[in-house]
Amino acid sequence: MMEVNGSAMIVMAGKNCVGIASDRRLGWNKQMTVACDFQKVFQLNDRIIVGLAGLGTDVQSLRNLLRFRMNLYKLREEREMSPKAFSAMLASLLYEKRFGPYFVEPVVAGLNEDGKPFISSMDFIGAPTSAEDFVVQGTCYSQLHGMCESLYRPDMDQNALFETLSQCLQAAVDRDALSGWGAEVHIITPEGTYTRTLKSRQD
Amino acid sequence: MSRRYDQSTTTFSPEGRLHQVEYAINAINNAGTCVGIMGRDSVILAAEKKQLSILLADPKSSEKMYKIDDHICCVVAGLSSDASLLINEARLTSQRYLYGYQEPMPVESLVQDICDYKQSYTQYGGLRPFGVGFLFAGWDKHNGYQLYQSDPSGNYSGWLAATIGENNPAGKSLLKSDFEENLDTRSCIKLAAKVLSKTMDSTDPSAEKMEFLILSADEETGKVSQRIMPDEELAEILQELQQETATEGDA
């Protein structure tokens with residue numbers, strides 16, 4: 001189910017910044033490429049970006065559900081949700097559907113109030129992992145993981161982070177038929193979020 | 001005479017009235033006054049902040065003004081606890097619409113929904129009605145700026161300018177004489193402040209006793225902003241108003 005549409009994403013922590021890179025392919029039935037501008041990364045508030053890897057329809061539905069929950073939280077609590085709380089909520093949401101799950105494996109990139117990066121990922125029924133350095137998800141999980149292990153170094157500034165994320169993603173998706181066809185990178189810093197689309201191989 | 005018909009919401013009186021609902025409406029008339037004014041490019045909501053005791057801790061948030069969604073807000077007159085419930089319901093309703101239709105809920109639809117909810121407490125279940133009146137302000141792409149008043153019966157109507165709460169007849173008569181359509185934001189604020197000064201029966205209206213919310217939309221992008229006026233800005237406008245009214249009677 002996770003390989004019907006194809007995806008690849010990385011979240012990496014830098015020095016007082018965090019970045020997320022994602023491919024943009026929407027495939028169909030493991031065969032055709034239907035779109036190369038499919039959005040899988042969503043900025044939910046100033047300090048949280050979530051990447052949803054997996055089945056396209058569930059990506060979109062889950063994104064709507066997350067927006068619903070974030071809006072209500074903000075109205076009731078009169079404050080923004082923290083990345084940690086968001087990650088916990090997402091895990092809980094996924095587990096609610098334990099016996100009929102969303103076929104989505106999310107990655108969360110967030111910046112805490114103090115500017116420190118927050119990273120987490122989970123499987124499609126909400127088993128969370130948090131890391132200090134990077135997390136990956138997608139149809140080319142092994143390739144992504146290998147690239148990150150090789151190229152990652154701690155305390156990168158936002159430019160180095162951008163470069164590393166781009167190189168890791170591009171190299172990994174080139175070894176996977178189901179992901180690629182475009183790439184985008186977002187870096188969250190205390191000053192704001194910077195987004196760039198990468199020029200990549202369209203195959 | 002019809003005292004025996006007023007104990008239950010689900011019983012009409014011989015004259016065809018629902019006494020419980022009417023008593024609920026009376027509950028609102030003791031609450032702090034609220035004013036709503038629709039201008040050319042904003043809707044203004046204003047409320048009297050009643051200070052009940054100096055021992056009360058500073059509230060972290062308003063007990064009169066509430067945001068329902070990005071494009072809808074309201075001001076409350078009546079029982080605060082009843083209001084909390086309805087506001088929560090309104091927020092949920094608005095988000096469910098956004099979730100389902102991927103676009104903001106039209107203001108009138110939201111008001112209708114809440115009013116239907118209120119109405120059900122006048123007809124079923126043996127539960128008492130909500131003792132709250134609202135002024136809802138909002139903007140949507142279908143009908144632009146809108147101002148609605150709703151009461152415990154579940155009735156609502158759209159207004160160009162409205163007041164509810166204590167002394168609202170005095171407020172209404174002032175609005176009838178002084179309101180004009182398509183006022184700019186500053187004039188709307190001044191008019192609302194004038195109404196509040198009258199209903200509060202105060203010759204020296206101060207910014208700490210009032211609260212103002214300005215809702216305005218960028219018609220092209222559809223983005224609506226809501227802003228509670230800080231005290232200093234309000235004080236400046238009140239002063240301007242004082243000077244104008246001081247010279248009003250002069251030849």
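Proteins come first, then strands; the chains are lettered A, B, ... in the order of their sequence lines, and each starts at number 1.
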Just wondering, more than 12 heavy atoms not from [X] lying within 6.0 Å of its [atom1]?
| X | atom1 | value |
| --- | --- | --- |
| A:Lys15 | NZ | no |
| B:Lys50 | NZ | yes |
| A:Glu132 | CD | no |

Please state whether the side chain, the backbone, both or neither of B:Leu92 comes within less than 4.5 Å of a heavy atom of chain A. both
Check whether any side-chain heavy atom of B:Asn88 sits under 4.5 Å from a side-chain heavy atom of A:Arg76, and report yes or no. yes
Nearest-0.5 Å distance, CD of residue B:Gln95 to CG of residue A:Leu75: 6.5 Å
Without placing hydrogens or testing angles, list every side-chain donor-acceptor pair under 3.5 Å for residues 61-69 of chain A, not counting sequence neighbours.
unit_1	atom_1	unit_2	atom_2	d
A:Ser61	OG	A:Thr57	O	3.1
A:Asn64	OD1	B:Gln102	NE2	3.1
A:Arg67	NH2	B:Gln102	OE1	2.9

